[in-house]
Amino acid sequence: MPPKHPVPALFDHFGMPAIKPSDEFTIVYKGGMLQASVKRKSGKVETITQTVGGKGFSQMSKFDPDDMSEVERNKLIKKMYNNGRGESQSALGQKFGLRQPQVSRIVNKE
């Protein structure tokens, strides 16, 4: 059997279900932290952040748009943003499968 491609193997290592050709994913490494995010065709988003080597810190988030309304999602985004004192718009966009300008519109809407 041929060796597994390194990208799906990486996601398997993180404990995330296998990625498919229809999925979008990003992998970012910065300051000793690796963040991998998968946006499924269904709109579900899974993100894991982990220290390189897998020891010390690991955080996983999952977002399923079928489990909450858009109104509930927007309230949660505003709460997590916390008037600029919480998570960044870019980070929230990645967690919810949105682009930063979409998050900006949500957090700036009364």
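Residue indices begin at 1 and follow the sequence shown. Just so it is clear, the structure is predicted and the values come from calculations on it, not from any experiment.
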> Side chains of Q94 and T26: donor-acceptor distance under 3.5 Å anywhere?
Replying inline: yes
Using every non-hydrogen atom in the two residues, find where [X] and [Y] come nearest and quote the distance to one decimal.
X	Y	value
K109	K78	O-NZ, 2.6 Å
F11	A36	CE2-CB, 3.7 Å
S37	V45	OG-CG1, 3.9 Å
G43	P65	O-CD, 3.5 Å

> Excluding sequence neighbours, so at least two apart, what forms ring pair (Phe, Tyr, Trp, His ring centres under 6.0 Å) with Y81?
Replying inline: none
What is the distance from atom [atom1] of [X] to atom [atom2] of [Y], rounded to the nearest 0.5 Å?
X	Y	atom1	atom2	result
Q50	F57	CD	CZ	9.5 Å
Q102	F96	CD	CZ	12.5 Å
N82	M80	CG	CE	11.0 Å
I48	I27	CD1	CD1	12.0 Å
E46	D64	CD	CG	9.5 Å
I77	S104	CD1	OG	11.5 Å

> How would you list, by chain and number, every residue that makes a salt bridge (charged side-chain N to carboxylate O under 4.0 Å, His left out) with K95, sequence neighbours excluded?
Replying inline: E87
If you define the side chain from C-beta out and look only at heavy atoms, does anything of [X] sit under 4.5 Å from [Y]?
X	Y	result
K62	D67	no
I106	L92	no
M68	L76	yes

> Could you give all pairs that pass the side chain to side chain donor-acceptor pair (under 3.5 Å) test and reach residues 14-24, with sequence neighbours left out?
Replying inline: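 Sorted pair list: D23-R40.
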> Can V52 be reached from M60 by stepping across I, L, V, M, F, W or Y side chains whose heavy atoms are under 4.5 Å apart?
Replying inline: yes
> Taking a hydrophobic cluster as the set of Ile, Leu, Val, Met, Phe, Trp and Tyr residues connected by side-chain heavy atoms closer than 4.5 Å, whether directly or through intermediates, do F63 and V71 fall within one such cluster?
Replying inline: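 Shared cluster, no.
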> What's the verdict on side chain to side chain contact (heavy atoms under 4.5 Å, CB included) for T51 and M33, showing C-alpha distance, side-chain angles and the deciding distance?
Replying inline: CA-CA 5 Å; T51 53; M33 300 292 285; 3.4 Å; yes
>> Does E72 have more than 12 heavy atoms from other residues, nucleotides or ligands lying within 6.0 Å of its CD?
In response: yes
